[in-house]
Amino acid sequence: MSALEVVGVGAVFWFIRLVTEPELIETTRLLKEIQIYLDPHDETPFLICVGIILFLVTGIRNGMAGLTLYAQERFVVRQNLGFSIRLIEAYTKKSYLWFVQQNSADLTKKVVNDTWEISEKILYPIVDMTAKSIASLAIIALLFFVDVLLTVMVLATLLVLAILFYAFLQKRLHFVGSSLMKADSTRFKCIAEIFGGLKEIKVYGSEKYFYKKFSYSANTHRKFMLEQRVLSHLPHLALETMAIGALLAVIIYSLIWSQNSAGIISIASLYAIAGYRMLPALKSIGVGANSIRLALPFLNSLENDLVLETGGTDIFQKEKISFDNQITFNDVYLQFQKQKTFAIQGVSFHIPKNSSVAFVGTTGAGKSSLIDLLLGIYYPNTGKIKIDGAPLKTTNIDAWRSRIGYVPQQIYLLDDTVRNNIAFGTNALETEDEAIRNAAKLASIDDFIINKMSRGYDTIVGERGVRLSGGERQRIGIARALYRNPSVLILDEATSALDVKTEAVISEAIRNLRKKMTLIIIAHRLSTVRNCDAIHILESGKITDSGRYDELVDRNEIFQKFWQS
Ligand SMILES: Nc1ncnc2c1ncn2[C@@H]1O[C@H](COP(=O)(O)OP(=O)(O)OP(=O)(O)O)[C@@H](O)[C@H]1O
Ligand SMILES: [Mg+2]
């Protein structure tokens, strides 16, 4: 490629020389022989041949340039794909604790926007600069071959000017790059707030506030975007000016020092063509260096995010876990970051397999946190959680989770069909329809899906299930948990949105599961927990009493208050 570049430049140079100085043919033996071979009396056929060869060389050169361009673009687009997939993988493997400290709109921006910023503004320039520099190296070599001193002078001047220019802009480039990143982040968060809370925004009449908030952040973004785009072109404009200046200097130099006017024209045309050929390289280096500086803040911000956390999902570390006897909590403490007190304080209990236990307590007592510990979402600061005597850890947590059916306090529904929402995260095949329907029947939602939903199990429920009522969402959540046929079923306020009658139907269905699976229930309504084998009362992260329903009704004041309410 780079040799072709030289031939391209050299050919035009020699062609012009041949036309302007025909005596060259006479003095060069090889050329003369070729010319005589073609036509001893006329130089025109020879010149036409040279012209055709020159055209072919240019054609091949540009064809190769096209292929190189394709290879470069393909490399960058592929890298970008790999980059964003790796980032999503890293995010899904990070601890939940890390995740709750992030803003999801910001993470979305990083996966969609920032990876592209890096691919386009760092990776592409590096590839492009390298390719074009290699091509230029050969041209520079040719220039050296023609006139060493002159070439050194021109190159040194260009280099010094470029370095000065870059040093001058450096600080501003960094500032604009990081400001642009921050502005982008605010913009994404603002959009997420508007779409996430549109109902509340409408009800509280705060459309204007959010509209203004967005337009402010979008305006800041625009300001830095404009500066970034202009700045990225400055070096190339400056370099181009310098290159033209250098060319003019060459012509003046030749006029003063050279006696041969035809020589001046050919040297000048060589430099002009070399300059013309090198302009894309100069532009690419100038724009590239600036664009890399501008995008560095994006790369820095992703550096930590990209670190893969090896843990439960690492296939090389997977361990099995057996659950034949019991779950044990042994003096477990849990403290959240930035919280003054422990959310769970010295909790100990055990849950025999296939028994049913309930945790009751006031709001904020730590019930959901206890479940999160059991799910391995968080790990205790001190104390142990054991399954059949084996402590829960990152290596066996996947095996443990695969046995669990979990209905959280807030159910997350996909903007997908009811079927896919129940099968969640697995590809529901036609053959699994029966299993899906059975789960839905247990959760008392099959009737509704078949009779009320427009397309039955193929009805799309809307983002986060916006087209469903709270109780319908909960029942789909319960069906989702039961579909996996778990050995442990955890219900965190899973029936809180249901009316007493529907809840009774589900409770009955769940009661029928007793002895078939281990049930862990958190509920405010005591009717839900009446039949449990054990009930633990949780107050400010501590278990203050445990017993069967009748025992607690007799002796525990808190429980009595619950019972009366
Ligand atoms: N990720 C977190 N970071 C910091 N504090 C947290 C976090 N999650 C929960 N907490 C705090 O821990 C305490 C226990 O919360 P938890 O959700 O376990 O209560 P709960 O008993 O489930 O309450 P509710 O009945 O309202 O659901 C609360 O004071 C809460 O503010
Ligand atoms: Mg809770």
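All heavy atoms count here, side chains included; hydrogens, waters and symmetry mates do not. Each ligand, and each atom within it, is numbered from 1 in the order the structure gives.
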J.: Do Phe336 and Phe342 have their ring centres less than 6.0 Å from each other?
T.: no

J.: Salt bridge or not between Arg419 and Asp458? Use side-chain N to carboxylate O under 4.0 Å.
T.: yes

J.: Using 30° and 60° as the class limits, which term best fits the ring planes of Tyr91 and Trp98: parallel, tilted or perpendicular?
T.: parallel

J.: Quick check on contacts: which atoms of ligand 1 are under 4.0 angstrom from a heavy atom of Gln409?
T.: 24 (P), 27 (O)

J.: Should the pair Glu89-Lys93 be classified as a salt bridge under the 4.0 Å nitrogen-to-oxygen rule?
T.: yes

J.: When you measure from the Mg ion (ligand 2) to the N, O or S atoms of Ser369, does any of those distances fall below 2.8 Å?
T.: no

J.: Considering only non-hydrogen protein atoms, determine which one is nearest to atom 23 (O) of ligand 1 and report residue, atom name and distance to 0.1 Å.
T.: Gly364 N, 2.8 Å

J.: Would a 4.5 Å heavy-atom cut-off, applied to side chains only, mark Asn438 and Tyr483 as touching?
T.: no

J.: Just need the protein heavy atom nearest to atom 26 (O) of ligand 1, so name the residue and atom and give the distance.
T.: Thr363 OG1, 2.5 Å

J.: So if I apply the side chain to side chain contact (heavy atoms under 4.5 Å, CB included) rule between Ile118 and each of Leu299, Asn80, Asn113, which one comes out positive?
T.: Leu299

J.: Looking at the Mg ion (ligand 2), is one of the N, O or S atoms of Gln409 less than 2.8 Å from it?
T.: yes

J.: May I ask you to check if ligand 1 and Ala365 share an N or O to N or O distance below 3.5 Å?
T.: yes

J.: Mark up the atoms of ligand 1 that fall under 4.0 Å of a heavy atom belonging to Ser368, in ascending order.
T.: 17 (O), 18 (O), 20 (P), 22 (O), 27 (O)

J.: Of all the non-hydrogen atoms in the protein, which one sits nearest to atom 1 (N) of ligand 1, and at what distance?
T.: Tyr378 OH, 3.5 Å

J.: For ligand 1, is there an N or O atom under 3.5 Å from any N or O atom of Gln337?
T.: no

J.: How far is atom 25 (O) of ligand 1 from the closest protein heavy atom, and which atom is that?
T.: Lys367 NZ, 2.8 Å

J.: Would you call Lys109 and Asp114 a salt bridge, using N to O less than 4.0 angstrom?
T.: yes

J.: How far is atom 4 (C) of ligand 1 from its nearest protein heavy atom, and which residue and atom name does that atom have?
T.: Phe336 CB, 3.3 Å

J.: Before accepting this row, confirm whether a basic side-chain N of the pair Asp388/Lys353 lies closer than 4.0 Å to the acidic partner's carboxylate O.
T.: no

J.: Considering only non-hydrogen protein atoms, determine which one is nearest to atom 11 (C) of ligand 1 and report residue, atom name and distance to 0.1 Å.
T.: Gln339 NE2, 3.7 Å

J.: Backbone or side chain, does any N or O of Gly366 fall under 3.5 Å from an N or O of ligand 1?
T.: yes

J.: Which residue and non-hydrogen atom of the protein lie closest to atom 16 (P) of ligand 1, and at what distance in Å?
T.: Ser369 OG, 3.5 Å

J.: Tell me whether Asp447 is salt-bridged to Lys441, with the criterion being a basic N under 4.0 Å from an acidic carboxylate O.
T.: no

